[in-house]
Amino acid sequence: MKSQNLNKVTEQERIVELEQENKQLQNRLDQIRKRREKKKSVGFWLLKKSSVPLLGIRLKTSINNAISEYKEKKTVSVDTVSDVSSNIIWRITRIGLFGLFVTLIPSMILMFQTWLVINQNTLVGNQNALIEAERRSSLVFIMDNLFSDLSEELKYKGSSERNISPVLEARIASLSRAMKPYRYEEDGELIDEKISPEKGQLLFSLIRSNLADQSYREILDASDFSYTYFKDIYLGRGVNLKFINLSHSNLNEVNLPAANLERADLIEANMEKINLSDAVLKRANLTKANLRNSELLSADLTNTKLFGADLSEADLTEAVLWGTKFEDANLKGIILDNAIVHRQDWITFVKDSLDLKGAEAIQNKYRVKKQGKQQFILVVK
């Protein structure tokens, strides 16, 4: 009897323990469920909040309508599907345009910054060019002092004794090399190509000094007059410029009748409308020179290099073209009346072999006439 009572107490205690454990487990399950529900509610809230800006109100409403219709009828109507599809397309297009606009903003900012940098570089370049122009112009004062010394040295010399000292010759040659080309303002704007007006002033003064041939020759041999600005000026007849370097110079409308330019360098020089009638240009280098509308009447162009030169509308009446190099030259509208050439097939040569511009017109206008043993002239048909 006593043992039965003990067994009952033990069972009751065990039941109480199990109930307590069950209660604890239930509490834990409730806590886990609450956490899950809380996470689910937060995720749903985030999805809800993000769906409007991502999907848009119209697309969200159409999707909700489609879901509700499917729950009620277990099917979705064609109108509902069309509404959802049209809203999806509209939304994608809108997002694409928005993305394009967002992408363009940094590109526009970068373009604006690039424009500012380019303008700044242009301003800096212009400022440097103006500073350079001011520095180069200061060489004019040196030139004035130099020619004052030249005048003093020639003061007591006769017309037949106008050679100057080697020191003064060297100073003139050095000054010509110190005068580098630069861009300067003209009519409120910087010129396109670099040039040196000071070299033009120096050469003009040198020619007018009427030096003896020896000093004049030595000065020109040692000097550099490339990029000289020498526009629209008359230097007199028979000026001796033999061996001079006038490459890239501006000699537009300059009057140099009967000038001696034998072996001169005139590469890419602007010689439009220049007057070189009766001039000597033997073995001169006029590669890519601009000789449009130039006057070369009776000029001696023996073995002259005119590779790529523009001789359109130039007048070469009675000019000597013995061995002249015309490869790639432009001969449109050129006048060659009684010009002297070195071969009987000269017209055919410039037309077929060299294929020069204007050669066909030359063939139609002129014929070759033999004059002397190995001399031919071009006469009008």
Mind checking the [atom1]-[atom2] spacing from [X] to [Y]? Nearest 0.5 Å is all I need.
X      : Y      : atom1 : atom2 : result
Arg283 : Thr324 : CZ    : OG1   : 11.0 Å
Ser196 : Gln201 : OG    : CD    : 8.5 Å
Met143 : Ser148 : CE    : OG    : 10.5 Å
Gln363 : Thr348 : CD    : OG1   : 6.0 Å
Asp224 : Leu175 : CG    : CG    : 12.0 Å
Ile347 : Lys365 : CD1   : NZ    : 11.5 Å

Give a yes or no on whether the backbone of [Y] and the side-chain of [X] come within a donor-acceptor separation of less than 3.5 Å.
X      : Y      : result
Ser353 : Val350 : no
Ser215 : Leu211 : no
His342 : Gly323 : yes
Arg343 : Phe349 : no

- The single option from Leu306, Asp310, Asn270, Ile334 that satisfies side chain to side chain contact (heavy atoms under 4.5 Å, CB included) with Leu291 is Leu306

- Query: Of the options Asp300, Val320, Leu261, which is the one that meets Leu281 in a side chain to side chain contact (heavy atoms under 4.5 Å, CB included)?
  - Reply: Leu261

- Does one side chain, of Tyr366 or Asp337, offer a donor that lies under 3.5 Å from an acceptor on the other? yes

- Query: Judged by modelled atom types alone, do Asn245 and Asp265 share a side-chain donor-acceptor pair under 3.5 Å?
  - Reply: no

Do the side chains of [X] and [Y] get close enough for a salt bridge, i.e. N-O under 4.0 angstrom?
X      : Y      : value
Asp278 : Arg237 : yes
Lys351 : Asp355 : no
Glu313 : Arg292 : no

Would you call [X] and [Y] a side-chain contact if the rule is heavy atoms closer than 4.5 Å?
X      : Y      : value
Leu286 : Met271 : yes
Leu202 : Met179 : yes
Ser247 : Phe225 : no
Leu168 : Glu153 : yes
Gln375 : Ile340 : yes
Asp345 : Val368 : no
Leu336 : Leu321 : yes
Asn293 : Asp315 : no

State yes or no: do [X] and [Y] share one hydrophobic cluster built from I, L, V, M, F, W and Y residues joined by side-chain heavy-atom distances below 4.5 Å, directly or via other members?
X      : Y      : result
Leu331 : Val380 : yes
Leu266 : Leu220 : yes
Leu146 : Leu203 : yes
Leu378 : Phe376 : yes
Ile219 : Leu150 : yes

Minimum-distance pair of heavy atoms, taken over all atoms of [X] and [Y]:
X      : Y      : result
Asn163 : Ala212 : OD1-CB, 3.0 Å
Ser249 : Thr228 : OG-N, 3.0 Å
Leu256 : Ala279 : O-CB, 4.4 Å
Phe147 : Leu206 : CZ-N, 4.0 Å

- Could you go through the side chain to side chain contact (heavy atoms under 4.5 Å, CB included) check for Phe326 and Leu311 one step at a time? CA-CA 10 Å; Phe326 282 104; Leu311 289 154; 3.7 Å; yes

Counting only heavy atoms not in [X], do more than 12 fall under 6.0 Å of its [atom1]?
X      : atom1 : answer
Glu253 : CD    : yes
Tyr227 : OH    : no
Lys332 : NZ    : no
Asp352 : CG    : yes
Lys357 : NZ    : no

- Query: Does Phe243 have Arg217 sitting over its ring (NZ/CZ under 6.0 Å from centre, angle to axis within 45°)?
  - Reply: no

- Query: Is there a side chain to side chain donor-acceptor pair (under 3.5 Å) between Tyr182 and Glu198 once you walk through the steps?
  - Reply: CA-CA 10 Å; Tyr182 61 93; Glu198 292 76 31; 2.7 Å; yes

- Query: Do the rings of Phe204 and Phe230 sit parallel, tilted or perpendicular, given the 30° and 60° boundaries?
  - Reply: perpendicular

- CA sep, side-chain torsions, deciding dist, call: Ile207, Asn240, side chain to side chain contact (heavy atoms under 4.5 Å, CB included): CA-CA 9 Å; Ile207 292 171; Asn240 186 3; over 6 Å; no

- Give the C-alpha distance, both sets of side-chain angles, the deciding distance and a yes or no for side chain to side chain contact (heavy atoms under 4.5 Å, CB included) between Val379 and Asn338. CA-CA 5 Å; Val379 295; Asn338 299 318; 3.8 Å; yes

- Item | Val280/Thr302 under side chain to side chain contact (heavy atoms under 4.5 Å, CB included): CA gap, chis, key distance, verdict | CA-CA 9 Å; Val280 177; Thr302 302; over 6 Å; no

- Can you check salt bridge (Lys or Arg N to Asp or Glu O under 4.0 Å) on Arg171 and Asp149, steps first, answer last? CA-CA 11 Å; Arg171 286 175 61 190; Asp149 296 341; 3.0 Å; yes

